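Remarks on the structure that follows.
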Amino acid sequence: MNNKVKINQGRVVPVQFRVFGSVVVLIAMTYSLTHFSEIPAILISIAISFLIPLLWSSFYILQIDPQSKEISEGYWVMNIKKMDTQHYEEIEKIFVNEVNTSQQITSYGGKVANLKRKEYAAYLKLTTGEKFYLLGDSTEEGVLKKLEPIKKKLGLE
């Protein structure tokens with residue numbers, strides 16, 4: 001039975017850069033097709049087109065294997081993982097913190113708005129004192145609901 005817990009913690013590249021990068025790649029492909037001869041233009045277009053999946057498929061991943069007692073943090077890009085693995089003795093607990101966040105937004109007219117809200121973040125704490133961010137949500141019930149399968153796989157309360 002596979003008891004590994006894999007948690008997708010979000011994308012590596014923000015959406016603005018993904019869209020901008022995709023547009024730049026498409027412009028470069030158009031430029032190469034209009035300014036080079038047929039074979040080199042096709043080869044250049046194929047080569048730079050591989051950048052688009054790299055931009056759109058990169059994620060931060062946390063993986064916990066309770067059988068081998070390993071925690072891995074790293075990146076997942078196009079099914080290729082680059083993980084930093086460390087061993088642990090025992091998981092002490094999973095806890096949820098209430099976090100106050102604020103964001104300052106400025107409009108084109110110069111008006112400044114401060115948005116303040118509460119979010120809930122779940123962490124995993126080892127007996128060595130190390131903490132790992134697991135997931136978050138805007139409601140405590142949402143975090144607890146997302147934590148249920150993780151607690152079950154790890155055998156925690």
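Keep in mind that what you see is a predicted model, and the values were worked out from it rather than measured. Hydrogens, waters and symmetry mates are skipped; everything else that's a heavy atom, side chains included, is used.
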Derivation and outcome, side-chain contact (heavy atoms from CB on, under 4.5 Å), residues Asn114 and Gln103
CA-CA 6 Å; Asn114 288 316; Gln103 182 178 12; over 6 Å; no
Quick check: closest heavy atoms across Ala122 and Val143, and the distance to 0.1 Å?
CB-CG1, 3.8 Å
All heavy atoms of Thr127 vs all of Glu92, minimum pair found to be CA-OE1, 3.9 Å
Selection residues 104-125 - residue pairs positive for ring-ring contact (aromatic ring centres under 6.0 Å, His included), sequence neighbours left out:
Phe95-Tyr123, Tyr123-Tyr133
Please assess Gln63 against Glu73 for the test side chain to side chain donor-acceptor pair (under 3.5 Å), listing each intermediate value before the final yes or no.
CA-CA 6 Å; Gln63 182 174 308; Glu73 288 182 299; over 6 Å; no
Take atom CD of Glu148 as the centre, draw a 6.0 Å sphere, and report whether it contains more than 12 heavy atoms from other residues, nucleotides or ligands.
yes
Would you say Ile27 and Val23 make side-chain contact, with heavy atoms under 4.5 Å?
yes
So OG of Ser68 and NE2 of His87: to nearest 0.5 Å the spacing works out to 7.0 Å
Smallest heavy-atom separation, Lys145 atom then Pro149 atom, equals O-CD, 3.7 Å
Side-chain heavy atoms under 4.5 angstrom apart, residues restricted to Ile, Leu, Val, Met, Phe, Trp, Tyr: same cluster for Ile52 and Val19?
yes
Membership question, hydrophobic clusters at under 4.5 Å side-chain separation (ILVMFWY): are Met83 and Tyr88 in the same one?
no
Does Tyr75 have its ring centroid less than 6.0 Å away from the ring centroid of Phe59?
no
Residues that Ser22 engages under side chain to side chain donor-acceptor pair (under 3.5 Å), provided they are two or more places apart:
Trp56
Does atom NZ of Lys131 have more than 12 heavy-atom neighbours from other groups under 6.0 Å away?
no
Holding to side chain to side chain donor-acceptor pair (under 3.5 Å), I want the full list of residues that pass it with Thr30, two or more places apart in sequence or in another chain.
none
Are the side chains of Leu51 and Val24 in contact, using a 4.5 Å heavy-atom criterion?
no
Just verifying a value: how many Å separate Leu33 CG and Glu38 CD, rounded to the nearest 0.5 Å?
9.5 Å
Determine yes or no for a side-chain-to-main-chain donor-acceptor pair under 3.5 angstrom, with Asn97 supplying the side chain and Val99 the backbone.
no
Roughly how far, to the nearest 0.5 Å, is CD1 of Ile42 from OG of Ser32?
9.5 Å
Min side-chain heavy-atom separation Thr139-Leu144 under 4.5 Å
no
Mind checking whether Leu55 and Val77 have side chains closer than 4.5 Å, heavy atoms only?
no
If hydrophobic clusters are built by linking Ile, Leu, Val, Met, Phe, Trp and Tyr wherever their side-chain heavy atoms come under 4.5 Å apart, do Tyr60 and Leu62 end up in the same one?
no
Would you check, one step at a time, whether the test side-chain contact (heavy atoms from CB on, under 4.5 Å) holds for Ile105 with Val112?
CA-CA 6 Å; Ile105 300 173; Val112 178; over 6 Å; no
Residue pair Met29 / Ser49, side-chain heavy-atom distance below 4.5 Å
yes
Look only at the side chain of Arg18 and the backbone of Val13, and say whether a donor-acceptor pair between them is shorter than 3.5 Å.
yes
Applying a strict under-4.5 Å side-chain criterion to I, L, V, M, F, W and Y, I'd like to know whether Phe50 and Leu43 cluster together.
no
Under a 4.5 Å side-chain heavy-atom rule over Ile, Leu, Val, Met, Phe, Trp and Tyr, are Val12 and Trp76 clustered together?
no
When you measure from the side chain of Lys69 to the backbone of Glu89, do you find a donor-acceptor pair of N or O atoms at a distance under 3.5 Å?
yes
Close side-chain approach of Leu126 to Ile71, heavy-atom, < 4.5 Å:
yes
Under a 3.5 Å distance rule, please check whether Ser107 uses its side chain to pair with a backbone N or O of Lys111 as donor and acceptor.
yes
Quick one: pull up OG1 in Thr101 and NZ in Lys116 and give me the separation to the nearest 0.5 Å.
10.5 Å
If you round to the nearest 0.5 Å, how far is CG of Leu147 from CG of Leu135?
5.0 Å
Kindly state each residue pair satisfying ring-ring contact (aromatic ring centres under 6.0 Å, His included) with at least one member in residues 4-46, sequence neighbours excluded.
Tyr31-His35
Inter-residue atom distance Ile150.CD1 - Ile7.CD1, 0.5 Å rounding:
3.5 Å
Quick one: does Pro66's side chain get under 4.5 Å of Leu154's, heavy atoms only?
yes
Run Gln86 and Glu130 through side-chain contact (heavy atoms from CB on, under 4.5 Å) and show every step you take.
CA-CA 11 Å; Gln86 67 181 58; Glu130 286 184 271; 3.0 Å; yes
Under the side chain to side chain donor-acceptor pair (under 3.5 Å) test, residues paired with Lys118 that sit two or more places apart:
Glu98
Holding to side chain to side chain donor-acceptor pair (under 3.5 Å), I want the full list of residues that pass it with Gln104, two or more places apart in sequence or in another chain.
none
